[in-house]
Amino acid sequence: MPIHNEDIARVFDEIADLLEIEGDNPFRVRAYRTAARRVRELGRDLREMVARDEDLTKIPGIGKELSAKIHEIVETGTCRALEKLRRRLPPDLPELLRLPGLGPKRVHALYHELDVHNLEQLERAARDGRIRGLPGFGPKTEARILEAIHAQLDVTRRFKLATAAQYAEPLAEYLRLAPGIDQVEIAGSYRRRKETVGDLDILCTAKAGRPVIERFVAYDEVDEVLSQGTTRASVVLRSGLQVDLRVVRKASYGAALHYFTGSRAHNIAIRTLAVRRGLKINEYGVFRGERRVAGKTEESVFAAVGLPWIPPELRENRGEIEAAQAGLLPNLVELDDLRGDLHCHSRASDGTGTLRHIAEAARARGFEYIAITDHSKRLTVAHGLDERRLLRQVAEIDALNARLDGIRVLKGVEVDILEDGSLDLPDRVLARLDLVIAAVHSRFDLSRAAQTRRILRAMDNPHVTLLAHPTGRLIGEREPYDVDMTRIIRKARERRVALELNAHPERLDLLDVHCQMAREEGVLVSINSDAHSDLDFDNLRFGVGQARRGWLEKGDVLNTRPLDELLSWLHGRKAS
DNA sequence: GCCGTTTTCGGCCCGACTGTTTTCAGTCG
Ligand SMILES: Nc1nc2c(ncn2[C@H]2C[C@H](O)[C@@H](COP(=O)(O)OP(=O)(O)OP(=O)(O)O)O2)c(=O)[nH]1
Ligand SMILES: [Mg+2]
Ligand SMILES: [Mg+2]
Ligand SMILES: [Zn+2]
């Protein structure tokens with residue numbers, strides 16, 4: 001089994017959990033967690049970096065020690081430090097940490113006082129009333145533990161951004177009617193436009209917190225109130241989505257929004273900058289001693305540590321602070337920059353609209369162009385087009401363009417990449433089109449080498465313009481297929497193929513880190529709806545969010561180009 | 001364990017809510 005970054009991240013997280021339960025230095029624990037996060041979010045494969053003997057300590061948060069451990073894990077598949085910890089403590093002990101309300105200290109006590117180290121033993125101990133007697137525990141804690149065990153199902157579930165939006169917007173509207181309310185902002189990972197969110201984090205400003213909080217917990221979708229104070233409260237909605245509310249006064253709006261938007265790692269980094277300047281940042285403001293010196297706006301918070309305002313999508317402590325210091329923040333692409341959509345389906349395959357209907361919907365959105373890219377024949381479940389049907393569609397589009405004003409319909413196809421990397425339609429047909437999207441829809445299980453070879457070969461076909469949903473993942477359902485994205489991006493540059501950022505909320509594929517790599521290599525990204533009905537154009541906003549998380553500027557995105565520039569790019573490719 | 005125009009050693013973000021406590025530890029954001 002080849003080692004993936006995720007495997008290494010899990011080793012570090014497990015070491016962190018075990019060390020923390022043992023009571024080790026909290027900063028050492030944090031170092032392991034930070035490293036796990038960096039490894040997980042790294043666009044490159046550590047296995048390959050090790051094979052090329054690259055210097056891993058260049059990765060922030062990875063020093064000599066953890067670099068050595070990464071080498072060890074890649075080369076031997078195990079980590080002796082972890083094995084040793086697992087011999088010292090029961091390996092199933094960290095599973096107890098997943099219960100809300102149980103942290104390292106309590107898990108430590110449960111193990112050392114009661115010899116409890118898994119959920120079964122914990123349930124028995126709680127039912128027998130043995131937990132309440134432990135120092136620091138009581139009857140309430142014992143009862144909560146029992147409840148938590150029974151509600152254990154799905155406890156770590158994350159929600160797709162688009163799903164969370166359906167709960168967030170009405171709740172925000174509801175809160176806007178609270179007594180004395182001023183602003184309502186959805187913060188947290190939602191504001192950072194992360195592809196999935198663990199909860200909703202909502203910030204309100206008001207003179208007094210209590211009335212807002214009372215309205216919040218009275219929302220009719222609230223299933224359970226987890227905590228409730230005068231400045232914050234947490235609830236779980238019937239859907240299982242947790243919502244955290246924070247209320248501060250107007251003067252603290254900027255500082256609170258910055259705090260609640262995160263990310264945690266970004267907050268720590270910004271607050272550390274403040275400490276070095278003799279300042280303190282919390283959710284109420286920026287302070288020099290007792291005196292508040294900033295905090296009404298986010299800009300004022302950043303300015304206090306010598307930085308320009310940083311867009312929320314970048315706030316992951318992945319280099320945005322250094323870029324801000326150097327004046328090198330990207331000018332991120334916006335939804336309004338998009339001039340058209342290069343991936344959509346008509347009812348010829350598995351879409352719902354006629355060509356005319358799609359064209360008119362696209363025009364109504366203000367697009368200059370829309371590409372019809374139905375599936376090819378191998379995808380029989382989607383009524384994929386064969387040569388004859390595709391050529392007929394080409395003629396229909398030509399006729400339609402002759403009749404339509406204000407929108408150009410581009411002739412395209414989403415052609416299947418077959419297992420050997422050849423395409424599902426002959427070149428002579430592809431040559432008749434304005435653009436060709438190549439897509440993997442089968443054999444997700446190929447080895448990394450074979451999958452990479454397959455896709456690279458498809459990209460070598462001179463007619464291929466775009467690579468669809470490059471990792472094939474479906475969020476929460478299907479893992480990305482194993483492929484060498486570094487080589488794909490390099491091939492895209494060499495062949496002048498653009499990479500799709502599929503904006504469907506279940507795909508959001510390219511990943512943000514790969515957008516960043518594409519940009520660094522000068523590879524264009526196309527933000528495509530993959531619409532199967534005209535409503536799906538709304539998904540483009542999620543694609544733009546992801547692109548922004550990937551540091552993309554307008555110039556990095558193919559479909560921000562006006563029609564004439566797009567056409568000359570397409571034709572220029574063909575000519576070369 | 002990481003990191004550095006304050007440092008290669010000694011720091012490492014800061015606060016709310018709960019339950020158990022008689023002044024605060026633990027957990028979480
Ligand atoms: N300063 C500081 N802020 C934190 C800390 N933990 C969380 N926050 C802030 C930043 C987070 O973005 C925000 C909301 O916390 P969440 O736990 O909901 O995280 P976030 O929304 O970023 O991700 P999520 O998708 O919910 O898992 O609160 C912390 O330890 N220190
Ligand atoms: Mg959150
Ligand atoms: Mg939260
Ligand atoms: Zn498609």
Side-chain angles (χ1 to χ4, degrees), chain A residues 12 15-16 19-21 23-38 56-70 81 96-110 131-145 148 187-189 197-203 209 213 217 225-235 242-248 252 255-256 258-287 295 301 305-306 317 322 325:
Chain A
F12 289 168
I15 292 177
L19 286 177
E20 199 175 25
I21 293 169
D24 208 305
N25 177 352
F27 300 105
R28 185 164 176 238
V29 173
R30 182 198 283 176
Y32 276 98
R33 296 234 163 87
T34 303
R37 184 181 62 83
R38 308 286 322 205
L56 303 182
T57 65
K58 293 244 162 63
I59 303 168
I62 306 286
K64 273 188 71 172
E65 189 63 30
L66 292 185
S67 167
K69 287 201 167 59
I70 292 171
L96 299 183
L97 291 173
R98 301 196 342 182
L99 290 179
L102 282 195
K105 297 283 169 33
R106 285 178 169 160
V107 169
H108 179 97
L110 287 166
I131 290 176
R132 66 184 68 184
L134 296 181
F137 291 74
K140 290 216 171 129
T141 307
E142 188 177 77
R144 282 212 56 181
I145 286 173
S189 49
V197 301
D199 65 2
L200 291 175
D201 303 286
I202 303 182
L203 173 70
I213 301 238
V217 299
V225 179
L226 297 175
S227 71
Q228 179 179 357
T230 56
T231 76
R232 61 168 303 147
S234 289
V235 303
Q242 180 172 328
V243 187
D244 298 332
L245 180 77
R246 194 72 210 258
V247 191
V248 298
S252 297
H258 180 257
Y259 151 70
F260 219 23
T261 297
S263 64
R264 178 179 189 269
H266 170 91
N267 287 356
I268 291 176
I270 293 287
R271 289 174 179 205
T272 302
L273 287 183
V275 169
R276 289 205 211 118
R277 291 174 170 240
L279 298 169
K280 179 179 72 171
I281 297 181
N282 58 29
E283 60 267 53
Y284 300 107
V286 182
F287 298 86
V301 175
V305 290
N317 197 24
E322 294 75 6
Q325 280 167 334

Q: Tell me what A:V29 touches on the nucleic acid: a base, only sugar-phosphate, or nothing, going by heavy atoms under 4.0 Å.
A: nothing

Q.
Does A:T230 reach a base, just sugar-phosphate, or nothing at all? Heavy atoms under 4.0 Å.
A. sugar-phosphate

Q) Which part of the nucleic acid, if any, lies within reach of A:R28 when heavy atoms closer than 4.0 Å are counted: base, sugar-phosphate only, or nothing? A) base

Q: Using a 4.0 Å heavy-atom cut-off across all strands, classify A:R30 as base, sugar-phosphate, or nothing.
A: base

Q.
Can you check the distance between B:dT7 and B:dC2, where both ends of the measurement are the C1' atom (answer in whole Å)?
A. 14 Å

Q) Roughly how many Å is it from CD1 in A:I21 to P in B:dG26, rounded to a whole number? A) 14 Å

Q.
At 4.0 Å (heavy atoms only), tell me whether A:P135 reaches a base, stays on the sugar-phosphate, or touches nothing.
A. nothing

(Q) Taking the C1' atom in each of B:dG1 and B:dT5, what is the distance between them to the nearest angstrom? (A) 24 Å

Q: Please work out if A:Y259 contacts a base, only the sugar-phosphate, or nothing of the nucleic acid, heavy-atom cut-off 4.0 Å.
A: base

Q) Taking atom C1' in both B:dG29 and B:dT22, what distance in whole Å separates the two? A) 27 Å

Q: Answer yes or no: does a side-chain N or O of A:N282 lie under 4.0 Å from OP1 or OP2 of B:dG15?
A: yes

Q) Looking at B:dG1, does its base get a donor-acceptor pair with the side chain of A:N25 below 3.5 Å? A) yes

Q. Which whole number of Å gives the distance between the P atom of B:dG4 and that of B:dC13?
A. 14 Å

Q) B:dT20 phosphate, OP1 or OP2: any side-chain N/O from A:T141 under 4.0 angstrom? A) yes

Q. Around atom CZ of A:R144, are there more than 12 heavy atoms of other residues, nucleotides or ligands at under 6.0 Å?
A. no

**Q.** Interatomic distance at C1', B:dT23 relative to B:dT18, whole Å
**A.** 15 Å

Q.
Below the 4.0 Å mark, does B:dA16 have OP1 or OP2 next to a side-chain nitrogen or oxygen of A:Y284?
A. yes

**Q.** Position toward the 5' end of DNA chain B (nearest nucleotide), A:L97 or A:R264
**A.** A:R264

Q) Which value, in whole Å, describes the distance between the C1' atoms of nucleotides B:dG15 and B:dC9? A) 29 Å

Q | Between B:dC12 and B:dG19 - C1' atom distance, rounded Å | A | 29 Å

(Q) Less than 4.0 angstrom between a side-chain N/O of A:R232 and OP1 or OP2 of B:dG15, yes or no? (A) no

Q.
Within the 4.0 Å heavy-atom criterion, would you say A:I281 contacts the bases, only the backbone, or no part of the nucleic acid?
A. sugar-phosphate

**Q.** Counter-base of B:dT8, judged by Watson-Crick or G-U geometry with both distances under 3.5 Å
**A.** none

Q) For B:dG29, does either OP1 or OP2 sit under 4.0 Å from a side-chain N or O belonging to A:Q242? A) yes

Q: Quick one: label A:P60 by what it contacts on the DNA or RNA (base, sugar-phosphate, nothing), any heavy atom closer than 4.0 Å.
A: sugar-phosphate

Q) Do A:R33's NZ or CZ and the ring of A:F12 fall within the cation-pi criteria of under 6.0 Å and 45°? A) no

(Q) Is there a side-chain contact between A:R271 and the phosphate of B:dC13, meaning an N or O under 4.0 Å from OP1 or OP2? (A) no

**Q.** Spacing between A:L279 atom CG and B:dC13 atom C1', to the nearest angstrom
**A.** 13 Å

Q) So what does A:I268 touch, heavy atoms closer than 4.0 Å: a base, only the sugar-phosphate, or nothing? A) base

Q: For B:dG29, take OP1 and OP2 only and decide whether either is under 4.0 Å from a side-chain N or O of A:S234.
A: no

Q. Within the structure, does a side-chain N or O atom of A:K64 lie under 4.0 Å from either OP1 or OP2 of B:dC3?
A. no

Q: Report which part of the nucleic acid A:E20 touches: base, sugar-phosphate, or nothing (heavy-atom distance under 4.0 Å, all strands).
A: nothing

